[in-house]
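The shown structure was predicted, so the numbers you read here are calculated from the model rather than taken from an experiment. For the numbers below, each heavy atom of this structure counts, side chains included, while hydrogens, waters and symmetry mates do not.
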Amino acid sequence: QLQLVEPGGGLVQPGGSLRLSCAAPGFTLDYYAIGWFRQAPGKEREGVSCISKGGSTTTYADSVQGRFTISRGNANNTIDLQMNSLRPEDTAVYYCGIRTPFTSRPMCALMEPDFDSWGQGTQVTVSS
């Protein structure tokens, strides 16, 4: 059973930055497309960003385009999400998941059913 972990959450002021990492103890992330999703209180989980296996394809939700950057930390076997210009509405629990190969949707379409092996999540709070 593949299991991801997401260290790196915390409290940050509006306009600040935070970096999340998605780690994979015991296996390499090189072979998988990975997505970041988030869930705010009272809301459904929504897609944030995704990166393909080789890194050639990245996708972002409109709400984070231009502020968030996803990348592969190959040396550390992580998928990193750099979050800049954070807003209160970015407050949520952030999860990473592995994209299943058994989907006909385009690579890195931010659709929750296309991802599994979720980590336990990490809280990000943007507040003054």
Side-chain angles (χ1 to χ4, degrees):
Q1 180 79 22
L2 303 179
Q3 185 68 52
L4 302 175
V5 294
E6 307 104 333
L11 173 65
V12 63
Q13 292 187 340
S17 297
L18 203 60
R19 189 176 186 89
L20 304 182
S21 290
C22 177
F27 66 98
T28 178
L29 290 174
D30 291 352
Y31 305 126
Y32 302 97
I34 301 295
W36 279 99
F37 284 67
R38 66 187 182 187
Q39 187 166 21
K43 294 187 177 181
E44 295 186 352
R45 191 177 298 190
E46 64 174 357
V48 174
S49 184
C50 175
I51 188 166
S52 62
K53 183 172 63 173
S56 60
T57 299
T58 57
T59 56
Y60 297 93
D62 289 345
S63 59
V64 307
Q65 181 76 47
R67 300 188 297 122
F68 290 11
T69 302
I70 192 170
S71 62
R72 286 188 170 272
N74 291 329
N76 300 322
N77 192 37
T78 60
I79 303 298
D80 300 327
L81 186 68
Q82 178 66 42
M83 305 186 295
N84 298 329
S85 302
L86 283 162
R87 305 166 179 169
E89 54 263 39
D90 295 317
T91 295
V93 178
Y94 284 70
Y95 301 86
C96 60
I98 297 175
R99 181 182 179 272
T100 175
F102 308 111
T103 175
S104 59
R105 279 188 274 260
M107 170 57 70
C108 274
L110 293 173
M111 301 296 292
E112 186 180 358
D114 287 356
F115 295 81
D116 56 20
S117 300
W118 299 100
Q120 80 287 352
T122 187
Q123 178 69 47
V124 172
T125 302
V126 185
S127 175
S128 55

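- For Tyr94 and Phe37, the ring centers sit 6.0 Å or farther from each other.
- Here the closest heavy-atom approach between residue Ile70 and residue Trp36 is recorded as CD1-CD1, 3.8 Å.
- For the side-chain hydrogen bond (donor to acceptor under 3.5 Å, both in side chains) condition, the pairs that include at least one residue of residues 118-128, sequence neighbours left out, are Gln123-Thr125.
- No donor-acceptor contact under 3.5 angstrom links the side chains of Thr78 and Asn76, judged on distance only.
- Counting only distance, with no hydrogens or angles, the side chain of Ser21 and the backbone of Ala23 share no donor-acceptor pair below 3.5 Å.
- Residue Ile79 holds its CD1 atom at 10.0 Å from CD1 of Ile98, rounded to the nearest 0.5 Å.
- Side chain of Arg67 to backbone of Ser85: a donor-acceptor contact under 3.5 angstrom is found.
- Counting only distance, with no hydrogens or angles, the side chain of Arg105 and the backbone of Leu110 share no donor-acceptor pair below 3.5 Å.
- Judged as a disulfide (SG to SG under 2.5 Å), the pairs with a partner in residues 9-74 (not counting sequence neighbours) are, in order, Cys22-Cys96, Cys50-Cys108.
- Atoms CG and CZ, from Leu20 and Phe68 in turn, are 8.0 Å apart once rounded to the nearest 0.5 Å.
- Residues in residues 42-52 take part in these side-chain hydrogen bond (donor to acceptor under 3.5 Å, both in side chains) pairs, two or more places apart or across chains: Arg38-Glu46.
- Residues Leu18 and Gly10 come closest through the heavy atom pair CD2-N, 3.9 Å.
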